[in-house]
Amino acid sequence: MFILKCNSYSRSAKKTYIYHKLLETYRSAVGPRHRTIFNLGTLDLEKKQWKTLAKAIESRLLGLQELLPDEDERIKNLADKYTEQILTKRKIKSEKKKITEKSSDLENIHTDTIEVTNCRSYGAEVAGYEYMKLIGLEKIIEGLDLKKSEKQIIKALVISRLVHPASENETYRWLRCNSGLGEILNIDFNDIGIDRLYRTCDKILENKKVIEESLAQAERRNLKLESKLILYDLTNTFLEGGGESNKYAKYGRSKEKRSDCPLITLALAVDENGYPITSKIYKGNESEAGTVKEIIEEIYKEKPELKLFQNTNIIMDRGLATKKNIKFLEDKELKYVVIERRDAYSEWSEEFEKKQEFSEIDRKGYKIKIKKHSIGSINYLLCESEGKEKKELAIIAAKEKKFEIELEKIKQSLLKNKKTVETIKNQLSRLSGKYIGFYKLYNIKFIEDDKKNVTDLQWEKNDDYRVKKAGCYVIRTNNQSLQENEIWSVYMLLHKVENAFRTLKNDLLMRPIYHQKDTRAESHIFITILAYHILNCIEEKLNEKEETTNWLNIKMLLQTHQIVSVRYINDKNEMRIIRKSTLPEDHHREIYQHLDIDEQNIIRKKREVVCKI
């Protein structure tokens, strides 16, 4: 055997790549010929050591390792690595054969030759794959007009985002070096370059509409879901780098306090169970309220078969409930539940102050007082939340402290230099812009001298208005069939979409985005959303079983359920390699039971390879 250096020129990249092959010489009817034993990839080894490495690999394949003199440690490690890959992957025609299951597996072995190698994580990947099949995503991917290898890579990218969320570069390394996902999907990621993963990401984006629509239908069919609510909201996430090649990357107000970075906005509509219905990418500085019409029309136009708009309530947050959007929903004869965007307390202050005929709801130890008013075809639900009041007063108190420090600075400056009323008003105007909404919480008085110069500044809090307004809000709906407690409960389900955003960003690491191209950034976000479909199904199953654990804990515990290779030499002087998953431990079985995963789908069947010496 010998090692040969090869060159490969890529026209698309306009670059020459170097790789190495392990070859052997054999005699044919037409003379000596060479054949490839294994593709070694790029070999980081001096040329004078190639012969030594080739000899070491050949000796191991023939079982003659003990006859070799002491080897260099690096040569030894590389020879062990490539020998293991050759024995388990390549079909060695004369030296190796596959052994089918026999009635008896009893044999004598040399115990000092037993080695456990090529350990890969397995448990979390199996759980993710089983739930991918459960929600119907695996079948949808199989139905795409793509190559078989591309379909398997798409599955791998989604499950990788679920189990090991990371950049595409780190995902590629994890698939090759840490995970047994390739064996679950019957694809060897050592034969696939990272550029292939990126190109497959583009294929996912090309099929986004088909996948999204089909998955929405499959989940409702497979999981027996009903779409009675559409919860709609937006968030944004930031990019690393300038984002010059990304049409969506714009500077704006970051919800993650990263306004120093270009942003991308994600619009997401989910149902009451938390499953995404549709998603869309917008520019980072896009007006949130301006997206409502486009998203609702898209759902109505592209998903009529889901019957989402029959007896369905559209739930939106305060920032989206503009007069224009509400009129659009009413013109479409759609039911909605939103929070009044205007200062509703001023309009309903008399009702809030009297507090008559309010009913009470208990939520997590806090009381919420509610009262329904009907004006024409619109119902208004007056709400006064004890928990919201406590939170708002704490926020107000913190900002009041900072506001008063600024007032004190102005007052101290008057001790040094007298200022005109106009100058002080300008300073207070800038202060009110910095602390929006807090200026009216104070009654500020100027002390002037004979020349109309301000010599002192005095203020007092308008506690009455501040305390009365805290914790009060008004919910508006045109659904006459909802009772007052139902209106409040339906609106509170908006936390489902907020939880989806939190999970996408924190658990599935949608942020930050490293891609500079808009298509790659969009496919990254869509893959994360597909992984969220699986994660949400898992979380729903755990809630159904009243389990307090979550996916993060589950995948950590399942890391110890692995697939391994056991290598040994028997009394017939044969080297055998057995590839098999480890037996699930008690805590593994408990998790699989909670997730309703059949143990027969977990245990990997034994695969044996023998090398005669």
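In this structure, Y122 and H561 have perpendicular ring planes: the angle between them is above 60°, well past the 30° mark.
A cation-pi contact links R258 to F238, judged by a cut-off of 6.0 Å to the six-membered ring centre and 45° from its axis.
With hydrogens and angles ignored, the 3.5 Å screen pairs no side-chain donor or acceptor of T113 with any backbone N or O of Y568. The closest donor-acceptor contact from the side chain of H588 to the backbone of E585 lies under 3.5 Å. In this structure, R161 contributes its side chain and L509 its backbone to a donor-acceptor pair below 3.5 Å.
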side-chain contact (heavy atoms from CB on, under 4.5 Å) evaluation trace for Y275 with L225: CA-CA 10 Å; Y275 291 96; L225 303 177; 3.5 Å; yes
Full working for salt bridge (Lys or Arg N to Asp or Glu O under 4.0 Å) between R579 and E183: CA-CA 10 Å; R579 187 73 175 159; E183 295 178 74; 2.6 Å; yes
side-chain contact (heavy atoms from CB on, under 4.5 Å) evaluation trace for V126 with I184: CA-CA 7 Å; V126 168; I184 297 172; 3.7 Å; yes
Criterion ring pair (Phe, Tyr, Trp, His ring centres under 6.0 Å) on Y514 and H524, from CA distance to verdict: CA-CA 9 Å; Y514 295 100; H524 164 83; 8.3 Å; no
Verdict with reasoning, F526 to I204, per side-chain contact (heavy atoms from CB on, under 4.5 Å): CA-CA 8 Å; F526 184 56; I204 297 176; 3.6 Å; yes
Test log, rule side-chain contact (heavy atoms from CB on, under 4.5 Å), inputs T528 and V158: CA-CA 7 Å; T528 310; V158 174; over 6 Å; no
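We find that E212 and K209 are not joined by a salt bridge, their nearest charged nitrogen and carboxylate oxygen being 4.0 Å or further apart. Under a 4.0 Å N-O distance rule, the pair K155/E142 qualifies as a salt bridge. Under a 4.0 Å N-O distance rule, the pair R220/D271 qualifies as a salt bridge. One finds no salt bridge joining K283 and E286 here, because no Lys/Arg side-chain nitrogen approaches an Asp/Glu carboxylate oxygen to under 4.0 Å. Using a 4.0 Å cut-off between charged side-chain N and carboxylate O, K76 and D80 make a salt bridge. The existence of a salt bridge linking K496 and E539 is excluded, since no basic side-chain nitrogen approaches an acidic carboxylate oxygen closer than 4.0 Å. Between E574 and R576 a salt bridge is recorded (basic side-chain N to carboxylate O distance below 4.0 Å). Comment: R120 does not engage E125 in a salt bridge, judged by the lack of any side-chain N to carboxylate O separation of less than 4.0 angstrom.
Taking both residues in full, the closest heavy atoms of T582 and T560 are given as OG1-O, 4.2 Å, listed atom of the first, atom of the second, then distance. Scanning all heavy atoms of the two residues, the minimum distance from L535 to W551 falls at CD1-CD1, 3.6 Å. Closest non-hydrogen pair, H515 versus E168, comes out as NE2-OE1, 3.0 Å. The two residues C537 and Y131 have their closest heavy-atom pair at SG-CD2, 3.5 Å. When all heavy atoms are compared, the tightest approach of A127 to L558 is CB-CD1, 4.3 Å. Residue R589 comes nearest to P584 through the heavy atom pair NH1-O, 2.7 Å, listed as atom of the first residue, atom of the second, then distance.
Residues passing the salt bridge (Lys or Arg N to Asp or Glu O under 4.0 Å) test with E130 are K133, sequence neighbours excluded. Qualifying side-chain contact (heavy atoms from CB on, under 4.5 Å) partners for Q49, counting only residues two or more places apart in sequence or in other chains: L45, E46, I75. Legend: residues meeting salt bridge (Lys or Arg N to Asp or Glu O under 4.0 Å) with K148, ordered by chain and number and at least two apart, are absent. Remark: R196 pairs with no residue by the salt bridge (Lys or Arg N to Asp or Glu O under 4.0 Å) rule, at least two apart or across chains. With sequence neighbours excluded, the residues that form a salt bridge (Lys or Arg N to Asp or Glu O under 4.0 Å) with K505 are E256.
For D112, the CG atom counts as densely surrounded, since its 6.0 Å shell holds more than 12 non-hydrogen atoms of other residues, nucleotides or ligands. Heavy-atom neighbours of D260 CG from other residues, nucleotides or ligands within 6.0 Å: above the threshold of 12. The number of heavy atoms from other shown groups lying within 6.0 Å of NZ (K51) does not exceed 12. Other residues, nucleotides and ligands contribute more than 12 heavy atoms inside 6.0 Å of the CG atom of N7. By the 6.0 Å contact criterion, NZ on K203 is open, its count of non-hydrogen atoms from other residues, nucleotides or ligands being 12 or less.
A heavy-atom distance below 4.5 Å is found between the side chains of E84 and R567. With contacts defined as side-chain heavy-atom distances shorter than 4.5 Å, the pair T548/L542 does not qualify. Residues T265 and T235 have side chains not in contact (no heavy-atom distance under 4.5 Å, counting atoms from C-beta outward). Side-chain contact between I281 and I264 is present, with heavy atoms from C-beta onward closer than 4.5 Å. Between I569 and I109 there is no side-chain heavy-atom pair separated by less than 4.5 Å. Residues N118 and V564 are not in side-chain contact: their nearest non-hydrogen atoms beyond the backbone lie 4.5 Å or more apart. Side-chain atoms of L266 and S279, non-hydrogen and from C-beta on, do get closer than 4.5 Å to each other. Put simply, the side chain of L181 does not reach to within 4.5 Å of the side chain of V163, judged on heavy atoms.
Side-chain contact, E138 with Y129: a donor N or O sits under 3.5 Å from an acceptor N or O. Between H533 and E219, the side chains place a donor N or O and an acceptor N or O closer than 3.5 Å (distance only, hydrogens not considered).
Evaluation of the salt bridge (charged side-chain N to carboxylate O under 4.0 Å, His left out) test over residues 515-536, restricted to residues two or more places apart or in two chains, returns D202-R520.
From S167, atom OG reaches atom CZ of R173 across 9.5 Å, with rounding to the nearest 0.5 Å.
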